[in-house]
Amino acid sequence: MVTRLSHLFLRTLRDDPSDAEVTSAKLLVRAGYVRRQSPGIFAWLPLGLRVRARIEGIIRDEMVAAGAQEVLLPALLPREPYEATNRWTEYGDGMFRLQDRKGADYLLAPTHEEMFALLVKDLYSSYKDLPVTLFQIQDKYRDEARPRAGLLRGREFTMKDAYSFDISDEGLERSYQVMRDAYEKIFARLGLEYVIVKADAGAMGGSKSEEFLHPIGVGEDTFVRSAGGYAANVEAYVTPVPDALPIEGQPEPVLLPASDTPTIDSLVEHANAVAPREGAPWTAADTLKNVVLALTHLDGTREVVVVGLPGDRDVDLKRAEVAFAPAEVEAAGDDDFRKHKGLVKGYIGPQVLGAESATGLRYFVDPRVVDGTAWVTGANERGVHVSGLVAGRDFVADGVAEVSDVRAGDPAPDGSGPLETARGMEIGHVFQLGRKYAEALGLKVQDENGKLATVTMGSYGIGVTRILAILAEAHNDDKGLVWPKNVAPFDVHVVATGKDAVAYDLATDIVAQLEGERFEVVYDDRPKVSPGVKLRDAELLGMPIVVVAGRGAADGVVELWDRATGERRDVPVAELLDAVRAI
């Protein structure tokens, strides 16, 4: 049945919505695909639902082809399973919590590992039932602090999540690879460029985690890759550790006279002037910057820690959150310094730090701070620094923390060359969860010997609505959306312009021919809308092919647009079907 714009629930906007910050959000609202209800929450209109259904169809095809079976679990979930896995607490402020009229606690699902594990526990009891992979396409809910990028990061979003269940680690490896291969096929069919990167598992847990990132300028993730094939999210990057140096024979530390050295560069210049070292001058990389961080633990307690890192590096708070997870991390404030009088702001040195020190503050160092390395750092006295402070002799850390920023030119940890950095948006994530959830929830089956064995799990997610936004972000021009043909809501947009009935009669015939050839067609038959508005709407809505019946209708000629290339040409109606097929 033909879809006519005269009856379609649609209103396009001439101007960008004031609350939209990224191109996809502006165009999807202007073109009438979605409508904002509140920050991070959108209503889906007919055109938007058609695109979403096409994306879901591609995902569903490949999941079923990979042997997964579709189910659908509720989005409103009880507290108890998430309490058992500790994620009721670990998710922190990112989870929507609520109570029913009797005071029982519930949540709006941010993800469904617990519920899938319980579903399999309820129905399966033998190794003969495994392996099995289940998936759903379901809405998820996360209380994003700044949901300002439209569908790219919403509070309510649609996700395909799948879960594999195996009796052995070898089985998990096979299931993981099957899902990973299916993801590559899905993203290839969607025409999405992607990079597979090593990732941090975060609150999900597990032994292995990889993200599929789409390189895009508005991406919220920074990732690194080398020409030799290494790729990782910066949170998962592991700094190559240099070899330790001999401590014996190194000169004693030298106090640097009081000086005005407000920057690392000025400190380096001062150290080289007052206490030069043999062999090579001091550089910013030889200074030890001791950064004070405040950790808020799950029970609400606040802990101040100090991290020492080379002075030419800065703290990356995302990496710090991974290093100190599940605690929240922020820079220490004035109140923290007032409570810890042993910290001389601007002149902190490691000599007074450590869990066993007088300050009692845990002290961590960057992986580059290995035994035998000598540093210029604070002397814990206002206006005084020290040079030649040797790690392993003059100070010892409580541990190592990967919190420093990762930069282009840094070495890949696998030796595959220097890194380059890029921005990307996560479109898929695969985890080897292992037995974390199964053990917490008692998911066991009888093995071949009749003994109970804990099941091992994998988890595999794809952001459906985020992918829709990414496609809109990647496929547009200065006139509007330009949908790829495999996800467009319609294949062809037919427009009748003018007041002459000939154009409308010809357009109606064309629609019938196209539908007879199994093209999905939207027909702009609005009788009292000007040609200019109709043509602007055709550009904005973004169907791959536009056919305009207008001034040439009496001569049997229409205008054919290829939105992807921008080509527009006159085509005799007798040749139209072949021309459309060619596009």
Side-chain angles (χ1 to χ4, degrees), residues 1-14 27-28 30-33 45-54 471-472 475-477 479-583:
M1 180 178 292
V2 61
T3 297
R4 296 173 178 265
L5 278 189
S6 59
H7 293 90
L8 185 64
F9 186 63
L10 173 70
R11 284 293 182 272
T12 58
L13 306 177
R14 180 168 296 183
L27 290 176
L28 289 170
R30 279 187 56 208
Y33 283 74
L45 307 184
L47 289 178
L49 281 176
R50 289 182 70 93
V51 179
R52 196 166 95 167
R54 285 198 155 188
L471 288 170
H475 298 280
N476 63 77
D477 59 19
K479 299 178 176 65
L481 296 161
V482 185
W483 291 112
K485 62 181 180 181
N486 54 347
V487 300
F490 295 95
D491 302 317
V492 185
H493 185 155
V494 176
V495 182
T497 64
K499 300 179 181 179
D500 194 336
V502 173
Y504 286 84
D505 292 341
L506 180 59
T508 301
D509 290 342
I510 290 170
V511 168
Q513 291 181 49
L514 290 168
E515 289 204 309
E517 295 295 316
R518 304 184 68 83
F519 289 104
E520 293 193 59
V521 182
V522 60
Y523 174 28
D524 191 347
D525 63 332
R526 294 174 293 177
K528 296 182 180 180
V529 177
S530 71
V533 170
K534 287 186 175 184
L535 297 179
R536 282 196 298 271
D537 280 350
E539 293 169 332
L540 178 61
L541 296 180
M543 308 313 157
I545 300 170
V546 179
V547 177
V548 182
R551 283 176 289 188
D555 300 320
V557 175
V558 295
E559 187 177 18
L560 179 65
W561 300 358
D562 182 341
R563 286 288 283 125
T565 66
E567 180 187 8
R568 301 186 181 192
R569 59 191 175 95
D570 291 337
V571 176
V573 172
E575 301 174 11
L576 180 62
L577 286 178
D578 287 339
V580 168
R581 290 192 197 98
I583 295 176

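In this structure, Asp500 has no side-chain hydrogen bond (donor to acceptor under 3.5 Å, both in side chains) partners at least two apart in sequence or on a different chain. Considering only residues two or more places apart in sequence or on other chains, Arg581 meets the side-chain hydrogen bond (donor to acceptor under 3.5 Å, both in side chains) condition with Glu517, Asp578. With sequence neighbours excluded, the residues satisfying side-chain hydrogen bond (donor to acceptor under 3.5 Å, both in side chains) with Arg4 are Asp525. Not counting sequence neighbours, Asp505 has no partner by the salt bridge (charged side-chain N to carboxylate O under 4.0 Å, His left out) test. Remark: Arg50 pairs with Glu520 by the salt bridge (charged side-chain N to carboxylate O under 4.0 Å, His left out) rule, at least two apart or across chains. Legend: residues meeting salt bridge (charged side-chain N to carboxylate O under 4.0 Å, His left out) with Arg568, ordered by chain and number and at least two apart, are Glu539.
Looking at Leu481 and Leu540, their side chains never come closer than 4.5 Å, going by heavy atoms from C-beta outward. Taking the side chain as every heavy atom from C-beta outward, Leu47 and Val522 never approach each other to under 4.5 Å.
Remark: the backbone N or O of Ala31 is not paired with any side-chain donor or acceptor of Arg11 at under 3.5 angstrom. Side-chain N or O atoms of Asp562 include one that pairs as donor or acceptor with a backbone N or O of Ala564 at under 3.5 Å.
Within a 6.0 Å radius of CZ in Arg526, other residues, nucleotides and ligands contribute more than 12 heavy atoms.
Aromatic rings of Phe490 and Trp483 (six-membered ring for Trp) have centroids beyond the 6.0 Å cut-off, not under it.
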